[in-house]
Amino acid sequence: MSSKPSIPKGTRDFSTEEMQRREYIFDTVRQVFRLYGYQPIETPAMENLSSLLGKYGDEGDKLLFRILNSGDYLSGVNDEELTGRDSSRMSSKICEKGLRYDLTVPFARYVVQHRDEIVFPFKRYQIQPVWRADRPQKGRYREFFQCDVDVIGSDSLLNEYELVKIIDEVFSRLRISVVIKINNRKILSGIAEYLGESSRITDITVAIDKLDKIGTDAVNEELRAKGLSDDSVKKLQPLLALEGSTPEKLSQLERILSESATGLKGIEEMRILFSYISNAGLKGKVELDLTLARGLNYYTGAIIEVKSVDVAIGSICGGGRYDNLTGVFGMDGVSGVGVSFGADRIYDVLNHLGLFKEMVMSSSEVLVINFGSAETAYSLSVVEELRKLSVNTELYPDAAKLKKQMSYADSKKIPWIIIAGDDEIKSNSLTIKNMSLGTQEKVSLGDLRTYAENNFRKSK
RNA sequence: GUGGAUGUAGUUCAGUUGGUUAGAACGUCGGAUUGUGGUUCCGAAGGUCGCCGGUUCGAACCCGGUCUUCCACCCCA
(Lines give C-alpha, C1' and ligand atoms only; values in the text may rest on other atoms or scores of the structure.)
Protein backbone atom coordinates (compact mmCIF):
# COMPACT_ATOMS: atom_id res chain seq x y z
CA MET A 1 0.00 0.00 0.00
CA SER A 2 1.30 3.39 -0.94
CA SER A 3 0.50 6.43 1.16
CA LYS A 4 -2.98 7.92 1.16
CA PRO A 5 -4.03 9.52 -2.12
CA SER A 6 -4.19 13.29 -2.14
CA ILE A 7 -4.84 16.24 -4.40
CA PRO A 8 -2.58 19.19 -5.18
CA LYS A 9 -2.28 22.06 -2.75
CA GLY A 10 -5.05 24.60 -3.01
CA THR A 11 -7.43 22.31 -4.89
CA ARG A 12 -10.54 20.64 -3.47
CA ASP A 13 -12.96 17.81 -3.99
CA PHE A 14 -16.62 18.76 -3.75
CA SER A 15 -19.09 16.45 -2.06
CA THR A 16 -22.63 15.86 -3.30
CA GLU A 17 -23.89 18.32 -0.72
CA GLU A 18 -21.32 20.94 -1.63
CA MET A 19 -22.11 20.52 -5.30
CA GLN A 20 -25.80 21.11 -4.76
CA ARG A 21 -24.91 24.31 -2.95
CA ARG A 22 -22.44 25.35 -5.61
CA GLU A 23 -24.91 24.68 -8.37
CA TYR A 24 -27.39 26.84 -6.57
CA ILE A 25 -24.88 29.69 -6.86
CA PHE A 26 -24.11 28.95 -10.49
CA ASP A 27 -27.79 28.64 -11.35
CA THR A 28 -28.54 31.96 -9.68
CA VAL A 29 -25.85 33.90 -11.52
CA ARG A 30 -26.67 32.15 -14.77
CA GLN A 31 -30.34 33.06 -14.50
CA VAL A 32 -29.51 36.71 -13.87
CA PHE A 33 -26.98 36.82 -16.70
CA ARG A 34 -29.59 35.39 -19.07
CA LEU A 35 -32.18 37.84 -17.79
CA TYR A 36 -29.96 40.65 -19.01
CA GLY A 37 -29.40 39.09 -22.40
CA TYR A 38 -25.97 37.52 -22.01
CA GLN A 39 -25.04 34.27 -23.75
CA PRO A 40 -22.60 31.58 -22.67
CA ILE A 41 -19.26 30.63 -24.17
CA GLU A 42 -16.47 28.38 -22.99
CA THR A 43 -12.77 28.41 -23.73
CA PRO A 44 -10.11 25.75 -23.12
CA ALA A 45 -8.53 25.23 -19.72
CA MET A 46 -5.16 25.79 -21.34
CA GLU A 47 -4.09 28.63 -23.56
CA ASN A 48 -0.91 29.25 -25.47
CA LEU A 49 1.47 30.80 -22.98
CA SER A 50 2.02 33.65 -25.43
CA SER A 51 -1.66 34.59 -24.99
CA LEU A 52 -1.27 34.74 -21.23
CA LEU A 53 2.17 36.17 -20.53
CA GLY A 54 2.45 39.88 -19.97
CA LYS A 55 -1.27 40.40 -19.45
CA TYR A 56 -1.30 40.38 -15.67
CA GLY A 57 1.96 42.12 -14.82
CA ASP A 58 5.12 40.53 -13.50
CA GLU A 59 3.34 39.18 -10.47
CA GLY A 60 0.72 37.56 -12.64
CA ASP A 61 3.32 35.91 -14.85
CA LYS A 62 4.78 34.27 -11.77
CA LEU A 63 1.40 32.90 -10.80
CA LEU A 64 0.74 31.23 -14.14
CA PHE A 65 0.70 27.46 -14.14
CA ARG A 66 2.84 26.33 -17.03
CA ILE A 67 2.36 23.07 -18.82
CA LEU A 68 5.43 21.08 -19.71
CA ASN A 69 5.61 20.26 -23.41
CA SER A 70 4.84 16.70 -24.31
CA GLY A 71 7.40 14.37 -25.74
CA ASP A 72 11.12 15.12 -25.70
CA TYR A 73 10.74 18.57 -24.24
CA LEU A 74 14.48 19.03 -23.74
CA SER A 75 15.34 18.50 -27.39
CA GLY A 76 15.43 22.20 -28.17
CA VAL A 77 17.55 23.11 -25.16
CA ASN A 78 21.32 23.27 -25.43
CA ASP A 79 23.72 22.28 -22.66
CA GLU A 80 24.54 25.85 -21.77
CA GLU A 81 20.90 26.70 -21.12
CA LEU A 82 20.43 23.47 -19.26
CA THR A 83 23.24 24.16 -16.83
CA GLY A 84 22.47 27.87 -16.65
CA ARG A 85 19.67 27.28 -14.12
CA ASP A 86 17.72 30.24 -15.45
CA SER A 87 14.20 29.02 -14.67
CA SER A 88 12.29 31.68 -16.55
CA ARG A 89 14.34 31.25 -19.72
CA MET A 90 14.11 27.51 -19.46
CA SER A 91 10.36 27.52 -18.98
CA SER A 92 9.84 29.54 -22.13
CA LYS A 93 11.78 26.85 -23.99
CA ILE A 94 10.03 23.82 -22.56
CA CYS A 95 6.50 25.15 -21.95
CA GLU A 96 4.33 26.59 -24.65
CA LYS A 97 0.98 26.21 -22.89
CA GLY A 98 -0.40 27.43 -19.57
CA LEU A 99 -3.58 27.13 -17.54
CA ARG A 100 -5.88 30.12 -17.79
CA TYR A 101 -5.43 32.70 -15.04
CA ASP A 102 -8.76 34.42 -15.51
CA LEU A 103 -11.60 34.45 -18.03
CA THR A 104 -11.16 37.96 -19.37
CA VAL A 105 -7.97 37.49 -21.34
CA PRO A 106 -9.12 34.23 -22.95
CA PHE A 107 -12.33 36.07 -23.80
CA ALA A 108 -10.38 38.82 -25.52
CA ARG A 109 -8.48 36.17 -27.45
CA TYR A 110 -11.79 34.54 -28.36
CA VAL A 111 -13.23 37.80 -29.60
CA VAL A 112 -10.26 38.51 -31.83
CA GLN A 113 -10.15 34.99 -33.16
CA HIS A 114 -13.88 34.88 -33.89
CA ARG A 115 -14.40 38.50 -34.88
CA ASP A 116 -16.07 37.53 -38.13
CA GLU A 117 -18.74 35.44 -36.43
CA ILE A 118 -19.52 37.80 -33.58
CA VAL A 119 -22.23 40.43 -33.64
CA PHE A 120 -21.21 43.49 -31.66
CA PRO A 121 -21.89 44.58 -29.02
CA PHE A 122 -21.17 41.07 -27.82
CA LYS A 123 -22.65 40.14 -24.45
CA ARG A 124 -21.31 36.91 -23.09
CA TYR A 125 -21.02 35.09 -19.83
CA GLN A 126 -18.58 32.36 -18.93
CA ILE A 127 -18.52 30.13 -15.86
CA GLN A 128 -15.34 28.09 -15.65
CA PRO A 129 -12.43 27.34 -13.33
CA VAL A 130 -9.22 29.34 -13.41
CA TRP A 131 -5.85 28.49 -11.89
CA ARG A 132 -3.29 30.53 -10.03
CA ALA A 133 -0.07 29.28 -8.47
CA ASP A 134 -0.75 31.41 -5.42
CA ARG A 135 -0.07 30.42 -1.86
CA PRO A 136 -3.42 29.21 -0.57
CA GLN A 137 -5.18 30.80 2.39
CA LYS A 138 -8.73 31.05 3.53
CA GLY A 139 -10.77 32.10 0.53
CA ARG A 140 -7.75 31.72 -1.75
CA TYR A 141 -7.46 28.62 -3.80
CA ARG A 142 -5.23 27.51 -6.63
CA GLU A 143 -8.22 26.33 -8.59
CA PHE A 144 -11.39 28.34 -8.33
CA PHE A 145 -14.41 29.25 -10.40
CA GLN A 146 -15.14 32.61 -11.88
CA CYS A 147 -18.47 33.66 -13.32
CA ASP A 148 -17.71 36.39 -15.83
CA VAL A 149 -20.12 38.71 -17.61
CA ASP A 150 -18.70 41.07 -20.16
CA VAL A 151 -19.97 43.22 -22.97
CA ILE A 152 -17.46 44.08 -25.63
CA GLY A 153 -17.78 46.51 -28.52
CA SER A 154 -19.68 49.30 -26.80
CA ASP A 155 -18.43 52.43 -25.04
CA SER A 156 -21.74 53.28 -23.45
CA LEU A 157 -21.81 53.78 -19.71
CA LEU A 158 -25.16 52.02 -19.77
CA ASN A 159 -23.08 48.84 -19.78
CA GLU A 160 -21.40 49.76 -16.51
CA TYR A 161 -24.80 50.57 -15.10
CA GLU A 162 -26.17 47.24 -16.30
CA LEU A 163 -23.35 45.40 -14.59
CA VAL A 164 -24.07 47.19 -11.33
CA LYS A 165 -27.69 46.13 -11.67
CA ILE A 166 -26.63 42.54 -12.33
CA ILE A 167 -24.40 42.55 -9.26
CA ASP A 168 -27.22 43.93 -7.14
CA GLU A 169 -29.67 41.39 -8.51
CA VAL A 170 -27.38 38.40 -8.01
CA PHE A 171 -26.52 39.25 -4.43
CA SER A 172 -30.05 40.15 -3.50
CA ARG A 173 -31.20 36.78 -4.85
CA LEU A 174 -28.46 35.09 -2.85
CA ARG A 175 -29.45 37.18 0.18
CA ILE A 176 -25.95 38.52 0.72
CA SER A 177 -25.70 42.17 1.77
CA VAL A 178 -22.99 43.85 -0.19
CA VAL A 179 -21.41 47.19 -0.79
CA ILE A 180 -20.48 47.87 -4.38
CA LYS A 181 -17.43 50.09 -4.60
CA ILE A 182 -16.73 52.00 -7.76
CA ASN A 183 -13.75 54.01 -8.86
CA ASN A 184 -12.35 55.12 -12.17
CA ARG A 185 -8.91 54.57 -13.55
CA LYS A 186 -8.97 57.93 -15.28
CA ILE A 187 -9.46 59.64 -11.94
CA LEU A 188 -6.51 57.72 -10.56
CA SER A 189 -4.46 58.78 -13.59
CA GLY A 190 -5.59 62.35 -12.98
CA ILE A 191 -4.42 62.12 -9.40
CA ALA A 192 -1.03 60.80 -10.45
CA GLU A 193 -0.81 63.62 -12.99
CA TYR A 194 -1.77 66.17 -10.37
CA LEU A 195 0.97 64.86 -8.13
CA GLY A 196 3.42 65.15 -11.01
CA GLU A 197 4.10 61.44 -10.76
CA SER A 198 2.28 60.07 -13.79
CA SER A 199 4.78 57.32 -14.33
CA ARG A 200 4.26 55.97 -10.83
CA ILE A 201 0.55 55.40 -11.12
CA THR A 202 0.86 51.71 -10.25
CA ASP A 203 2.87 52.34 -7.11
CA ILE A 204 0.47 55.06 -6.06
CA THR A 205 -2.67 53.03 -6.62
CA VAL A 206 -1.29 49.94 -4.96
CA ALA A 207 -0.40 51.98 -1.91
CA ILE A 208 -3.63 53.91 -1.51
CA ASP A 209 -5.60 50.72 -2.05
CA LYS A 210 -4.34 49.72 1.38
CA LEU A 211 -5.66 52.83 3.09
CA ASP A 212 -8.50 50.98 4.76
CA LYS A 213 -6.27 48.26 5.98
CA ILE A 214 -3.08 49.97 7.15
CA GLY A 215 -4.08 53.61 7.61
CA THR A 216 -2.89 56.93 6.25
CA ASP A 217 0.52 57.00 7.91
CA ALA A 218 1.53 53.59 6.65
CA VAL A 219 0.34 54.45 3.16
CA ASN A 220 2.39 57.62 3.15
CA GLU A 221 5.37 55.71 4.37
CA GLU A 222 5.00 53.17 1.61
CA LEU A 223 4.70 55.91 -0.98
CA ARG A 224 7.92 57.52 0.22
CA ALA A 225 9.60 54.14 0.20
CA LYS A 226 8.55 53.79 -3.42
CA GLY A 227 10.35 57.06 -4.15
CA LEU A 228 7.57 59.64 -4.11
CA SER A 229 8.66 63.10 -3.01
CA ASP A 230 7.42 64.54 0.28
CA ASP A 231 5.75 67.23 -1.75
CA SER A 232 3.72 64.72 -3.74
CA VAL A 233 2.73 62.83 -0.65
CA LYS A 234 1.58 66.08 0.89
CA LYS A 235 -0.50 66.97 -2.14
CA LEU A 236 -2.17 63.60 -1.99
CA GLN A 237 -3.52 64.01 1.54
CA PRO A 238 -6.63 66.08 0.79
CA LEU A 239 -7.60 63.51 -1.82
CA LEU A 240 -7.42 60.66 0.66
CA ALA A 241 -9.47 62.62 3.13
CA LEU A 242 -12.37 63.48 0.81
CA GLU A 243 -15.72 63.19 2.52
CA GLY A 244 -19.38 63.61 1.80
CA SER A 245 -21.83 62.22 -0.71
CA THR A 246 -20.65 60.96 -4.07
CA PRO A 247 -21.67 64.17 -5.90
CA GLU A 248 -19.87 66.22 -3.26
CA LYS A 249 -16.73 64.14 -3.58
CA LEU A 250 -16.86 64.48 -7.35
CA SER A 251 -17.18 68.26 -7.10
CA GLN A 252 -14.22 68.53 -4.80
CA LEU A 253 -12.24 66.27 -7.09
CA GLU A 254 -13.16 68.39 -10.05
CA ARG A 255 -11.60 71.43 -8.42
CA ILE A 256 -8.43 69.62 -7.45
CA LEU A 257 -7.94 67.86 -10.78
CA SER A 258 -9.00 70.83 -12.93
CA GLU A 259 -5.68 70.71 -14.80
CA SER A 260 -5.98 67.06 -15.77
CA ALA A 261 -8.04 66.36 -18.86
CA THR A 262 -7.97 62.63 -18.10
CA GLY A 263 -9.06 63.18 -14.53
CA LEU A 264 -11.97 65.37 -15.59
CA LYS A 265 -13.05 62.75 -18.10
CA GLY A 266 -13.11 60.18 -15.34
CA ILE A 267 -15.14 62.46 -13.10
CA GLU A 268 -17.62 63.00 -15.89
CA GLU A 269 -17.97 59.27 -16.41
CA MET A 270 -18.63 58.73 -12.74
CA ARG A 271 -21.24 61.49 -12.71
CA ILE A 272 -23.13 59.82 -15.51
CA LEU A 273 -22.87 56.37 -14.01
CA PHE A 274 -24.01 57.52 -10.59
CA SER A 275 -26.88 59.44 -12.10
CA TYR A 276 -28.16 56.16 -13.54
CA ILE A 277 -27.56 54.38 -10.28
CA SER A 278 -29.28 56.95 -8.11
CA ASN A 279 -32.58 56.23 -9.85
CA ALA A 280 -32.17 52.49 -9.95
CA GLY A 281 -33.58 51.53 -6.59
CA LEU A 282 -30.75 49.17 -5.79
CA LYS A 283 -30.95 46.98 -2.75
CA GLY A 284 -27.26 47.10 -1.92
CA LYS A 285 -25.08 50.09 -1.21
CA VAL A 286 -23.05 51.68 -3.98
CA GLU A 287 -20.28 54.12 -3.26
CA LEU A 288 -17.48 55.97 -4.94
CA ASP A 289 -14.25 54.77 -3.36
CA LEU A 290 -11.12 56.55 -4.50
CA THR A 291 -8.95 54.07 -2.67
CA LEU A 292 -10.25 51.26 -4.78
CA ALA A 293 -7.35 50.71 -7.08
CA ARG A 294 -6.62 47.06 -7.15
CA GLY A 295 -7.26 44.89 -10.08
CA LEU A 296 -5.41 44.14 -13.18
CA ASN A 297 -3.57 46.91 -14.89
CA TYR A 298 -5.63 46.65 -18.05
CA TYR A 299 -8.54 48.61 -16.63
CA THR A 300 -8.96 52.03 -18.20
CA GLY A 301 -12.29 53.35 -16.93
CA ALA A 302 -14.62 52.15 -14.21
CA ILE A 303 -13.25 49.81 -11.58
CA ILE A 304 -15.78 47.80 -9.61
CA GLU A 305 -15.38 45.73 -6.51
CA VAL A 306 -17.97 44.09 -4.29
CA LYS A 307 -17.57 43.21 -0.66
CA SER A 308 -19.76 41.30 1.70
CA VAL A 309 -21.01 43.49 4.53
CA ASP A 310 -21.17 40.63 7.04
CA VAL A 311 -18.18 38.45 6.24
CA ALA A 312 -14.59 39.62 5.83
CA ILE A 313 -13.21 37.55 3.00
CA GLY A 314 -11.87 40.05 0.49
CA SER A 315 -13.80 40.92 -2.60
CA ILE A 316 -16.41 38.51 -3.89
CA CYS A 317 -16.85 40.18 -7.25
CA GLY A 318 -14.74 42.59 -9.24
CA GLY A 319 -14.21 44.03 -12.66
CA GLY A 320 -14.08 47.12 -14.76
CA ARG A 321 -13.73 48.77 -18.14
CA TYR A 322 -10.82 47.89 -20.40
CA ASP A 323 -10.58 49.98 -23.52
CA ASN A 324 -8.17 48.02 -25.58
CA LEU A 325 -7.73 44.53 -24.25
CA THR A 326 -8.11 43.04 -27.69
CA GLY A 327 -5.35 45.33 -28.91
CA VAL A 328 -2.69 42.96 -27.65
CA PHE A 329 -4.21 40.31 -29.89
CA GLY A 330 -4.14 42.63 -32.88
CA MET A 331 -7.62 44.12 -32.85
CA ASP A 332 -7.71 47.78 -31.87
CA GLY A 333 -10.49 50.11 -30.94
CA VAL A 334 -12.77 47.64 -29.19
CA SER A 335 -13.78 48.54 -25.67
CA GLY A 336 -15.16 46.12 -23.16
CA VAL A 337 -16.44 46.12 -19.63
CA GLY A 338 -17.16 43.21 -17.36
CA VAL A 339 -17.22 41.79 -13.89
CA SER A 340 -16.34 38.47 -12.41
CA PHE A 341 -18.15 36.74 -9.56
CA GLY A 342 -15.95 34.61 -7.33
CA ALA A 343 -18.09 31.53 -6.83
CA ASP A 344 -15.85 29.96 -4.21
CA ARG A 345 -15.82 33.00 -1.99
CA ILE A 346 -19.54 33.50 -2.44
CA TYR A 347 -19.90 29.91 -1.25
CA ASP A 348 -17.82 30.67 1.82
CA VAL A 349 -19.94 33.74 2.58
CA LEU A 350 -23.24 31.86 2.22
CA ASN A 351 -21.86 29.08 4.36
CA HIS A 352 -20.65 31.46 7.02
CA LEU A 353 -24.02 33.19 7.12
CA GLY A 354 -25.81 29.86 7.48
CA LEU A 355 -27.85 30.54 4.37
CA PHE A 356 -27.41 27.00 3.10
CA LYS A 357 -29.02 25.37 6.09
CA GLU A 358 -32.55 25.91 4.95
CA MET A 359 -31.84 24.62 1.48
CA VAL A 360 -33.56 21.34 0.78
CA MET A 361 -30.88 18.90 -0.23
CA SER A 362 -32.84 15.89 -1.24
CA SER A 363 -31.92 13.98 -4.31
CA SER A 364 -35.33 12.34 -4.57
CA GLU A 365 -38.81 13.28 -3.53
CA VAL A 366 -39.94 9.69 -3.23
CA LEU A 367 -38.22 6.43 -2.36
CA VAL A 368 -39.94 3.24 -3.42
CA ILE A 369 -39.09 0.35 -1.12
CA ASN A 370 -37.61 -2.75 -2.68
CA PHE A 371 -39.17 -6.01 -1.41
CA GLY A 372 -37.56 -8.42 -3.81
CA SER A 373 -37.91 -9.85 -7.28
CA ALA A 374 -41.55 -10.87 -6.91
CA GLU A 375 -42.55 -7.27 -6.26
CA THR A 376 -40.11 -5.61 -8.67
CA ALA A 377 -42.45 -5.25 -11.63
CA TYR A 378 -45.13 -3.64 -9.49
CA SER A 379 -42.59 -1.26 -7.89
CA LEU A 380 -41.09 -0.32 -11.21
CA SER A 381 -44.45 0.60 -12.65
CA VAL A 382 -45.00 2.95 -9.70
CA VAL A 383 -41.56 4.49 -10.21
CA GLU A 384 -42.18 5.01 -13.91
CA GLU A 385 -45.53 6.61 -13.32
CA LEU A 386 -44.13 9.08 -10.78
CA ARG A 387 -41.29 10.01 -13.05
CA LYS A 388 -43.78 10.68 -15.81
CA LEU A 389 -45.36 13.15 -13.40
CA SER A 390 -41.91 14.77 -12.95
CA VAL A 391 -41.58 13.58 -9.39
CA ASN A 392 -37.95 12.77 -8.61
CA THR A 393 -38.20 9.14 -7.66
CA GLU A 394 -35.84 6.32 -6.89
CA LEU A 395 -36.26 2.63 -6.24
CA TYR A 396 -33.94 1.18 -3.62
CA PRO A 397 -31.72 -1.15 -5.63
CA ASP A 398 -31.47 -4.04 -3.17
CA ALA A 399 -34.07 -5.97 -1.24
CA ALA A 400 -32.55 -4.84 2.03
CA LYS A 401 -34.34 -4.79 5.33
CA LEU A 402 -37.06 -2.22 5.57
CA LYS A 403 -35.26 -0.57 8.43
CA LYS A 404 -32.19 -0.08 6.32
CA GLN A 405 -34.13 1.31 3.39
CA MET A 406 -35.95 3.73 5.61
CA SER A 407 -32.87 5.03 7.31
CA TYR A 408 -31.39 5.50 3.86
CA ALA A 409 -34.37 7.72 3.04
CA ASP A 410 -34.01 9.42 6.36
CA SER A 411 -30.33 10.26 5.93
CA LYS A 412 -30.92 11.46 2.40
CA LYS A 413 -33.88 13.54 3.60
CA ILE A 414 -36.25 11.96 1.14
CA PRO A 415 -39.67 13.19 2.31
CA TRP A 416 -41.90 10.39 0.96
CA ILE A 417 -41.72 6.61 1.03
CA ILE A 418 -43.82 4.23 -0.97
CA ILE A 419 -44.27 0.74 0.38
CA ALA A 420 -45.55 -1.75 -2.15
CA GLY A 421 -45.24 -5.27 -0.86
CA ASP A 422 -47.39 -8.34 -0.77
CA ASP A 423 -50.40 -6.77 0.94
CA GLU A 424 -50.48 -3.76 -1.34
CA ILE A 425 -50.13 -5.80 -4.49
CA LYS A 426 -53.02 -8.01 -3.47
CA SER A 427 -55.26 -4.98 -2.97
CA ASN A 428 -53.83 -3.11 -5.95
CA SER A 429 -52.74 -0.27 -3.68
CA LEU A 430 -49.75 1.49 -2.14
CA THR A 431 -48.78 2.57 1.33
CA ILE A 432 -47.43 6.11 1.22
CA LYS A 433 -45.57 7.42 4.20
CA ASN A 434 -44.72 11.01 5.02
CA MET A 435 -41.31 10.89 6.64
CA SER A 436 -41.38 14.18 8.46
CA LEU A 437 -44.82 13.69 9.99
CA GLY A 438 -44.49 9.95 10.42
CA THR A 439 -47.98 9.45 9.03
CA GLN A 440 -48.94 6.98 6.35
CA GLU A 441 -51.98 6.03 4.37
CA LYS A 442 -53.08 3.45 1.90
CA VAL A 443 -53.80 4.73 -1.60
CA SER A 444 -55.22 2.72 -4.43
CA LEU A 445 -53.03 2.51 -7.50
CA GLY A 446 -55.56 4.41 -9.56
CA ASP A 447 -55.39 7.37 -7.16
CA LEU A 448 -51.60 7.65 -7.25
CA ARG A 449 -51.62 10.41 -9.84
CA THR A 450 -54.03 12.56 -7.87
CA TYR A 451 -52.24 11.87 -4.62
CA ALA A 452 -48.90 12.81 -6.17
CA GLU A 453 -50.24 16.03 -7.64
CA ASN A 454 -51.74 17.04 -4.31
CA ASN A 455 -48.84 16.12 -2.08
CA PHE A 456 -45.48 15.71 -3.78
CA ARG A 457 -43.30 18.55 -4.97
CA LYS A 458 -45.05 20.88 -2.56
CA SER A 459 -41.76 22.54 -1.69
CA LYS A 460 -41.30 23.73 -5.27
C1' G B 1 8.06 33.99 -3.41
C1' U B 2 9.16 35.71 2.34
C1' G B 3 8.05 34.95 7.63
C1' G B 4 5.10 32.20 11.46
C1' A B 5 1.82 28.35 13.30
C1' U B 6 -0.56 23.47 12.46
C1' G B 7 -1.31 17.96 11.62
C1' U B 8 -3.73 12.05 16.71
C1' A B 9 -10.15 6.98 14.33
C1' G B 10 -14.82 9.20 9.02
C1' U B 11 -15.51 14.17 12.14
C1' U B 12 -14.43 17.34 16.57
C1' C B 13 -10.86 16.82 20.09
C1' A B 14 -8.08 14.41 24.86
C1' G B 15 -3.31 12.11 25.59
C1' U B 16 1.14 13.83 32.40
C1' U B 17 8.91 15.95 32.41
C1' G B 18 9.67 10.59 26.57
C1' G B 19 7.69 4.65 29.51
C1' U B 20 3.97 -1.35 28.43
C1' U B 21 -1.98 -2.59 24.72
C1' A B 22 -3.11 5.68 22.16
C1' G B 23 -8.71 7.34 24.55
C1' A B 24 -13.73 10.08 24.44
C1' A B 25 -17.89 12.11 21.98
C1' C B 26 -20.37 12.20 17.52
C1' G B 27 -20.78 9.42 13.04
C1' U B 28 -20.60 4.34 10.67
C1' C B 29 -21.95 -0.88 10.90
C1' G B 30 -24.62 -5.02 13.49
C1' G B 31 -28.39 -6.50 17.10
C1' A B 32 -32.90 -5.53 20.40
C1' U B 33 -37.34 -4.95 15.99
C1' U B 34 -37.73 -10.82 9.35
C1' G B 35 -43.44 -4.69 6.97
C1' U B 36 -41.63 0.89 9.41
C1' G B 37 -36.71 5.73 9.75
C1' G B 38 -35.59 9.92 12.88
C1' U B 39 -35.77 8.50 20.00
C1' U B 40 -33.76 4.58 23.38
C1' C B 41 -30.72 0.26 24.86
C1' C B 42 -26.69 -3.38 23.76
C1' G B 43 -22.48 -4.61 20.83
C1' A B 44 -18.66 -4.14 16.98
C1' A B 45 -15.44 -2.23 13.51
C1' G B 46 -12.27 1.76 12.70
C1' G B 47 -5.46 4.82 14.02
C1' U B 48 1.99 2.78 10.77
C1' C B 49 -0.28 9.44 15.83
C1' G B 50 0.64 13.55 7.95
C1' C B 51 5.14 11.36 5.52
C1' C B 52 10.66 10.32 5.63
C1' G B 53 14.85 10.26 8.54
C1' G B 54 17.56 11.18 13.28
C1' U B 55 18.38 11.19 18.88
C1' U B 56 17.14 7.41 22.72
C1' C B 57 17.10 1.13 26.04
C1' G B 58 12.32 3.26 24.61
C1' A B 59 9.17 8.63 20.56
C1' A B 60 2.24 10.65 19.34
C1' C B 61 5.67 13.65 22.55
C1' C B 62 12.54 15.75 21.35
C1' C B 63 15.53 17.19 16.55
C1' G B 64 15.93 17.75 10.97
C1' G B 65 13.60 17.51 6.30
C1' U B 66 9.13 17.25 3.49
C1' C B 67 3.84 17.69 2.47
C1' U B 68 -1.01 19.68 4.04
C1' U B 69 -4.00 23.30 6.21
C1' C B 70 -4.14 28.05 8.49
C1' C B 71 -2.13 33.28 9.58
C1' A B 72 0.75 37.71 8.15
C1' C B 73 3.31 39.96 3.85
C1' C B 74 3.24 40.17 -1.70
C1' C B 75 -0.74 39.93 -4.80
C1' C B 76 -5.71 38.64 -5.70
C1' A B 77 -11.89 35.99 -6.85
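Bear in mind that the values here come from a model prediction, so they are computed numbers and not experimental data. First the proteins, then the strands, lettered A, B, ... as listed; each starts at 1.
Separating the CD atom of Gln137(A) from the C1' atom of U6(B) is a distance of 14 Å, rounded to the nearest angstrom.
If you check every strand for non-hydrogen atoms under 4.0 Å, Gln146(A) touches sugar and phosphate atoms only. Phe145(A) comes within 4.0 angstrom of nothing in the nucleic acid, heavy atoms only.
For Phe341(A) and Phe171(A), the ring centers sit closer than 6.0 Å to each other. Side-chain rings of Phe26(A) and Phe145(A) approach one another, their centers coming within less than 6.0 Å.
One N or O donor and one acceptor, one from the side chain of Arg140(A) and one from the base of C75(B), sit under 3.5 Å apart. In terms of polar N and O atoms assigned as donor or acceptor, the side chain of Arg345(A) comes within less than 3.5 Å of the base of C76(B) in a complementary pairing.
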Starting from the C-alpha separation in whole Å, work towards a yes-or-no answer on salt bridge (charged side-chain N to carboxylate O under 4.0 Å, His left out) for Arg449(A) and Glu385(A).
CA-CA 8 Å; Arg449(A) 187 196 175 97; Glu385(A) 165 135 21; 5.3 Å; no

Counting primed atoms plus P, OP1 and OP2 as sugar-phosphate and everything else as base, spell out the protein contacts along nucleotides 29-38 of chain B at 4.0 Å heavy-atom distance: B, S or - for each nucleotide, 5' to 3'.
-SS---BBBB

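A45(B) and G30(B) have their C1' atoms separated by 10 Å, given to the nearest Å.
Pairing for C73(B) goes to G1(B), judged as Watson-Crick or G-U wobble with the two contacts each under 3.5 Å. Of the nucleotides present, none pairs with C49(B) by Watson-Crick or G-U wobble criteria with both distances under 3.5 Å.
Positionally, the nearest nucleotide of RNA chain B for Thr11(A) lies more toward the 5' end than for the other of Ala343(A) and Thr11(A).
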